[in-house]
Structure formats: C-alpha cells, structure tokens
Amino acid sequence: MSLALARKYRPNLFEDLIGQESISQTLSLALDSKRLSHAYLFSGLRGSGKTSTARIFAKALLCEIGETSTPCNICANCLMANENRHMDIIEMDAASNRGIDDIKELIEHTKYRPSSARYKIFIIDEVHMLTPQAHNALLKTLEEPPSFVKFILATTDPLKIPATILSRTQHFRFKKIPEKMIFNHLEYILNLENIGYEKEALEIIARSGAGSLRDSLTLLDQAIVYSKNFVDVATITHMLGIIEPSHLKNLISAIIAKDHNKVFDFISLASEYETEMILDELSLYIKDLMFAQDKLLSPLIIERFFRVIASSKELLKMGSDGTFVLSLTFFKMMESLEIKDIDTLIKNLEKELNITQSTINMPQNPPSIQIVSSTVQASDNIIQTTPDIPQQEIKTEINDQKLFVKLVQKIYDRDYLLGSCFERTTTFNRFENGILYWHSNANNEDKDKLRAGFGVIKKFADEVFGTNIQIKNLPMESNEKNGPETTMEESISTSEPKSSTAQECQTGSMIEEVEMSSSCIMPEAANEAEKEKDPSSLLEDPMIKEAIELFSPSKVRVVQKV
C-alpha cells in the first residue's frame, strides 16, 4: 500500500530533522550527558516537526543500548517505536480527549511501572485544547511525576497554555522552516521517487507550504498525481489556482513601459482568478525582484508598489469589484513611476541657485525699469528708475513701496472707510532720512475724514517706517524725487488769502504732523485721535459700562488690534 510522502519520509533520527538544528542538538546533548528533565513542551507551526521530534526523543530514551542521541533502530524497543506500537509510549490527542476524566485516567497510568522499557513516556498532542480543570488536574503529576515517567507535550498555540504548566516544562520553540530547505527536501524526495520536475514548480510548492514541511509534502503528493509524474509550473499553477509567474513578469514590464494595451490584456486574463490571490502573488513576485537585486525596479518604486497593493486590499475588504480594483491598482502603479530621484532633484536645485546667483550679480546699470505702484488702485502714479540709478537704490524704493502697502493694509484693518479714503487720495512718493513723502488729492469731505483719523495714520506710519517719523506732502504737480516740499505755512503764504480753515487746506497739505501749530488739523480732532490710542478710555464708554453691568464679568481685558 502506498503511503503519503509525509509519512513515508518521516524522520527517524535527530539528524533527519529539517530546519530545527538547535532543538535536535540540545536534545542530543541532553541524552548523551544524561541531563534529562521530567517534562518537555514543543511548540511551533503545524508541520514543523514537533510530533516527529517527540517520537525520536521517546525512542532514544527507550533504546536498549541506553539513553543515546543515536538510537540503533534495530532493537525491539526501537522497532516497536518506529511502528507506533510500543506499550510504554502512550500518545494522547488532547483535542479529542480534553476533559478532566481523560486526564484522571492518564494520571492513573503513571502509577504503574513500564512493562518492558526503562521509562513510561506520555506524548500529549495539542495540549492547549485541554479544559482548565484538566490542566489543573495535571499540574501536580507534571511537576513531580515518578522517576520512570516522562511527559512530552506538543502544541501549536503556547499562549493558550496556563503559566503554571509552562513553568513545569522545558520549552522548545520550533521555527518556521525556510523555503530553501523545503525546496531542497522536495527535490531530494522526487529524486528518490524517480519523478521529473521543474525547479520553478518546486519553488511554488515550497512557497505555498508557508514554512510547513508537512503541508509542502501534501501538495507535492497532489501535484504528482495531477501532473502524471512530471511536476511542472503549468500543472502546479492550475492545481493551486494561482497565476503563472511569467504573466506577472510581463505585467511588470508593461507597467514600467506604460503599455496600456498589455495591461488591459492581463486584466482580461486575470478575470479567471481571485483578485486577492493575484495581489498576493504580485507582492511575492516584487519581493523576489528586490531580494534578487534586480535593477528593473528601484527600492523606492518597490515601496510605492507595495503601498498601492496594500490600499487595493483594503478596497477589496469593502466589497469592491475585483476587476475594477485590479485596473485601479495597475494604473496607480504606473502613476507611481513618476518620481525624480534625489540626484536629479539636487542637480535641478543647483541650476536654480546658479540662475539666482547670476541675477544677483547682474550689472549695476540695468536697463530702464518702470514699477507701477500697487498701493493706489485709482492712481496712475509710476516710479521711474533710469539707468544711472544704482541697483541698491532701486531695491530700497521697492521695499519702501511694500512698506507703504503694509501701512494702507493696517489702516484698512482698523477702519475700513478711513483706509479706503487714504488709499484713494494718497500716493506714495518716497521715504528718506526719516521723512515720509506722499502726494494727496483729497477734497473737502476726504480732508475731514483724514483729519479725524490722522492719529491712527501717524501711529501706524511709526510702526511700519520707524518711530517718530515725519510726514511731508508734495503737490500733485511735482512728482520728481527732489521736487519742492510743501508745508502748511508755505502753502498758505504762496496761495491766495482765504478766510476759512477749509480753504487753506485746499491749497496746501491736509495731512501734517499733529505737533505743527499751523496744521489744518483741528486740535479737537487730534485730541480725539489721542483718545482712540488710549485703550483704557474704552472702559468709560456708556455702552461698554452697560455691557459690564449686564454680564458681570470677573475680569475685563482690552486688547488693541495691531
């Protein structure tokens, strides 16, 4: 009768174990040095060799030549152990015998000496399936069993075992078997069985086994039958329902080349498979490219591809259409190729810096430049710079104009009507030696508004241009930088006599410093502006007092808007 490969090639010695060298070495040394414990716990992935190791260890304890790491396999005890019919090796499946009564029966067997061997050995598989009561019943016996009793426990989930059990055993953790070792073992078995194969097909089986040698051998058994004694890639991919690696290779090439037609061809082909499987296989294929140091994809592109695939899996969990998710995935992968590496960015930055440096080092006599003032929307005022003006002076005038724009904005923020009037009637000329020069074409109504708000204008001018600056108005007809300045006294003396203050202001400046005795700004207007600058005076306002009485606040704080 034909046996399954997993049973036929089950290891009989410690040296036959695949991928568990540290465990086999430790147990071998313990046997040879006679430093044995009364209880062992083997934990790890299914098919990693836990039960096989337990049986080899039990056989090594019972071999007639003595406790040895290399049992003879010819004595009666070894032969019975290999055939799983030794009376002193008692195997128990805790998944089906998990109750306290089963454990009581096992404990009862520990009271009797072995029938023919030196030890009575109990192998309890899937021990985490025992009930809490069964675990508690086992505690005392597990801690202090008779000298002729050995316990070997096996489990795939050690976290479910009580700490009281773990503390009474020597714990051996079985590792996940590497794909390379599984591949070599499958190749070894097929050579013994005289069955043909393709290496790529064995790689797929080893990867599908996910670290479990028994699972890989089970797949190999199935593949041998399905492929009629020749294990090839086409057979394995059809049997497992996965896509061939060659199709994935063509897909990656099409994505890199941004060949939409080939991508659509792959999407049509992929309709026969599960979308999640294709995404998983694509991830594994990209991972293999990275480990193979393939220059087709850079690590940064690979990282972007994995992000795209991960987001696509989230879409599948939301119940999205598989074909749509695949299409979206591939086109997002194409978009992720639009990337500049660090070297390219550095070169581009160096070019920009060189251009900027060349602009800074331009000749000191640039061509004639005209800069339109941005402070007055309705004005056609233009600052003209000629070739003989130094470049530094041009930059200074531009900066001063920006400061004037900031002044207008601050006035707007405090009083919109005042800011609108100031911007409409006032044009920046220049700022030098602590004096701010401007032109004004204000009429009678605008003059009254500017008089009332001159304190605010002067306060913000000091903040923007500097403390205690002076303000000078130039007549509209004089736009040259060094044109005649007009103060209030000069305006009155050079114009026709007029009886009213308003008439005087029409001739000269209507905005001058508050301190000038001949200013057209009335003293009471200046006093009103000073009140506005004093935040504490706001508390004397009748409306503020009424609000304080109404709300009864514990603290009142006046915050001045700047």
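All values below were derived from every heavy atom in this structure, side-chain atoms included, with hydrogens, water molecules and symmetry-related copies excluded. Residues take their numbers from the sequence shown, with the count starting at 1. Bear in mind that the values here come from a model prediction, so they are computed numbers and not experimental data.
- Annotation for Ile309 and Ser283: closest pair CG2-OG, 3.4 Å, computed over non-hydrogen atoms.
- The ring of Phe460 has its center no closer than 6.0 angstrom to the ring center of Tyr412.
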Report all side-chain donor-acceptor pairs from residues 237-252 shorter than 3.5 Å, counting only partners two or more places apart or in another chain.
unit_1, atom_1, unit_2, atom_2, d
Thr237, OG1, Val233, O, 2.9
Thr237, OG1, Ala234, O, 2.9
His238, ND1, Ala234, O, 2.7
Asn250, ND2, Ser246, O, 3.3

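- Between Glu303 and Arg307, at least one side-chain nitrogen of the basic residue sits less than 4.0 Å from a carboxylate oxygen of the acidic one, meeting the salt-bridge criterion.
- Taking 4.0 Å as the cut-off between side-chain N and carboxylate O, Glu335 and Lys332 do not count as a salt-bridged pair.
- Using bins of under 30°, 30° to 60° and over 60° for the plane-to-plane angle, the ring pair Phe404/Phe465 lands in the tilted bin.
- Looking at residues two or more places apart in sequence or on another chain, you find a side chain to side chain contact (heavy atoms under 4.5 Å, CB included) between Asn261 and Asp259.
- With sequence neighbours excluded, no residue forms a ring pair (Phe, Tyr, Trp, His ring centres under 6.0 Å) with Tyr273.
- Residues satisfying the side-chain hydrogen bond (donor to acceptor under 3.5 Å, both in side chains) criterion with His260, sequence neighbours excluded, are absent altogether.
- Scanning for side-chain hydrogen bond (donor to acceptor under 3.5 Å, both in side chains) contacts around Thr329 gives Ser312, with sequence neighbours left out.
- In terms of the side-chain hydrogen bond (donor to acceptor under 3.5 Å, both in side chains) criterion, Asp265 has no residue partners (sequence neighbours excluded).
- The existence of a salt bridge linking Arg451 and Asp448 is confirmed by a sub-4.0 Å separation between a basic side-chain nitrogen and an acidic carboxylate oxygen.
- Between Arg207 and Glu203 there is no salt bridge, since none of the side-chain N atoms of the basic residue sits less than 4.0 Å from a carboxylate O of the acidic one.
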